[in-house]
Amino acid sequence: MPELPEVETVARDLQRRVAGAVITDVDVRWDRTVRHPEPPERFAAELRGARIQRVGRRAKSVLLHLADGRVMTVALRMTGALIVAPSGTPDDPYARVVFHLADGRQLRFRDVRKFGRIGLWEGGGLHRRAAAPGAASRAVRESRDPYRVGDVFARHGPEPLARSFTAGRFGARLRGRTGRLKSLLLDQSLLAGVGNIYADEALWRARLHPLRTANSLSEAEVRRLHRAVRAVLRQGIANRGSSISDYVGADGEPGDNAEQLAVYRRTGEPCLRCGREIARIVIGQRSTHFCPRCQREPLLWEGPQA
DNA sequence: ACGCCTACCTGCTTGC
DNA sequence: TGCAAGCAGGTAGGCG
């Protein structure tokens, strides 16, 4: 469900609502949601009495910075949501982890499909350069604790909305890559935060066919894609995210960006630029939407293609 | 290192 | 109406 704009919206909501709150107890109702530390009783024990100081985001994870320097990471994956429930709110059968706050409210991790993951880590290392690919997950798997939050994101690429993420830097990361643009935009080690919705939207905006390969792009096209990625993400944040079926912010309200989407899940509707019907194809098992006229097909030099 | 594929889960929609 | 298949915003892990 949530990509960068949705996760950013949740993080900003939580910053307003739970910064300063103290966690008094934790119910883990689906053990596998908690990945570190384990077992869940230990996760709960380590959080009792912790104060949430600040809420932020890295990639598609919400970061709850605790007053003692530790960081809780919440990866929402497909259907995860973090919702602040006032005291007395009816229970939610899909709440997988419930954080009880000292003021009587609950911070609920709701997750129908149970793909979401929560971890608790020592602070530090968030802003350093990427380590060797694979090192992070291997180390986490093998670690006897304490493990730093920066290591969790060691394989992730840069934040697309950071000032330091320039077209030149984007081009350097794309250089030599033979993969298709659609798949590369979804690759979190190339760039962090773009998912299926915003990948399609960015390619439409940049007028690039999703099957184009990175190494086929001119410098001007790289600049166009760079601008487009940033624009669609910023617009998504401004509209509090795209709610296709069940995404909601921490206030439980859906975002307004779905109606602004140009191609995502608009198969058969007219292109906003040229009127041609939006097409849907599958790339790397992911549904992909684009305008066959505005986003010209790459030249195919081999193999039977649709 | 890269690309491709599967698994992880549940619920909703679609087509027969 | 029932039932099975297909689809969904993500990503770790295994394969070649």
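So that the names make sense, note that chain A is the first sequence line, chain B the second, and so on, each numbered from 1. Note that the coordinates shown come from a computational prediction; the quantities given were computed from them, not determined experimentally.
- For A/Ser183 and B/dG3, the shortest distance from a side-chain N or O to OP1 or OP2 is not below 4.0 Å.
- For A/His156 and C/dA12, the NE2 to P distance is 6 Å, given to the nearest whole Å.
- If you take CZ of A/Arg77 and C1' of C/dA12, they are 7 Å apart, rounded to a whole angstrom.
- Between A/Ser287 and C/dC7 there is no side-chain N or O to OP1 or OP2 distance below 4.0 Å.
- A/Arg117 has its CZ atom 7 Å from the P atom of B/dC9, to the nearest Å.
- The side chain of A/Arg286 places no N or O atom within less than 4.0 Å of a non-bridging phosphate oxygen (OP1 or OP2) of C/dA8.
- The aromatic rings of A/Trp121 and A/His36 lie parallel to each other, with less than 30° between the two planes, well short of the 60° mark.
- For the pair A/Gln285 CD and B/dT6 P, the interatomic distance rounds to 7 Å; values are reported in whole Å.
- Contact check, A/Arg155 against C/dT11: no side-chain N or O comes under 4.0 Å of OP1 or OP2.
- Tested against A/Thr288 for a side-chain hydrogen bond (donor to acceptor under 3.5 Å, both in side chains), the candidates A/Arg180, A/His209, A/Lys182 yield a single pass: A/Lys182.
- Nucleic acid contact class of A/Ser243 (heavy atoms, under 4.0 Å, all strands): base.
- Rounded to whole angstrom, the span from the CG atom of A/Asp92 across to the P atom of B/dT10 amounts to 15 Å.
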Decide side chain to side chain donor-acceptor pair (under 3.5 Å) for A/Arg177 and A/Thr213; before the verdict, give the C-alpha distance in whole Å, the side-chain angles of both, and the deciding distance to 0.1 Å.
CA-CA 7 Å; A/Arg177 297 293 297 257; A/Thr213 56; over 6 Å; no

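- Between the side-chain ring of A/Phe115 and the base of B/dC8, a stacking contact exists by the 5.5 Å and 30° definition.
- Put simply, NE2 on A/His36 is 17 Å from C1' on C/dA12, counting in whole angstrom units.
- When all heavy atoms are compared, the tightest approach of A/Ala214 to A/Leu174 is CB-O, 3.8 Å.
- Taking 4.0 Å as the cut-off between side-chain N and carboxylate O, A/Glu297 and A/Arg212 do not count as a salt-bridged pair.
- One can place CZ of A/Arg35 at 11 Å from C1' of C/dG13, the figure rounded to the nearest angstrom.
- Dashed line: the shortest gap from a side-chain N or O of A/Arg280 to OP1 or OP2 of C/dA8 is under 4.0 Å.
- Side-chain nitrogen and oxygen atoms of A/Arg113 include none within less than 4.0 Å of the OP1 or OP2 phosphate oxygen of C/dG10.
- The phosphate of B/dC9 has neither OP1 nor OP2 within less than 4.0 Å of any side-chain N or O from A/Tyr94.
- Taking atom P in both C/dG14 and B/dC9, the straight-line distance is 16 Å, to the nearest Å.
- Going from atom CG of A/Asp187 over to atom P of C/dA12 covers 11 Å, rounded to whole Å.
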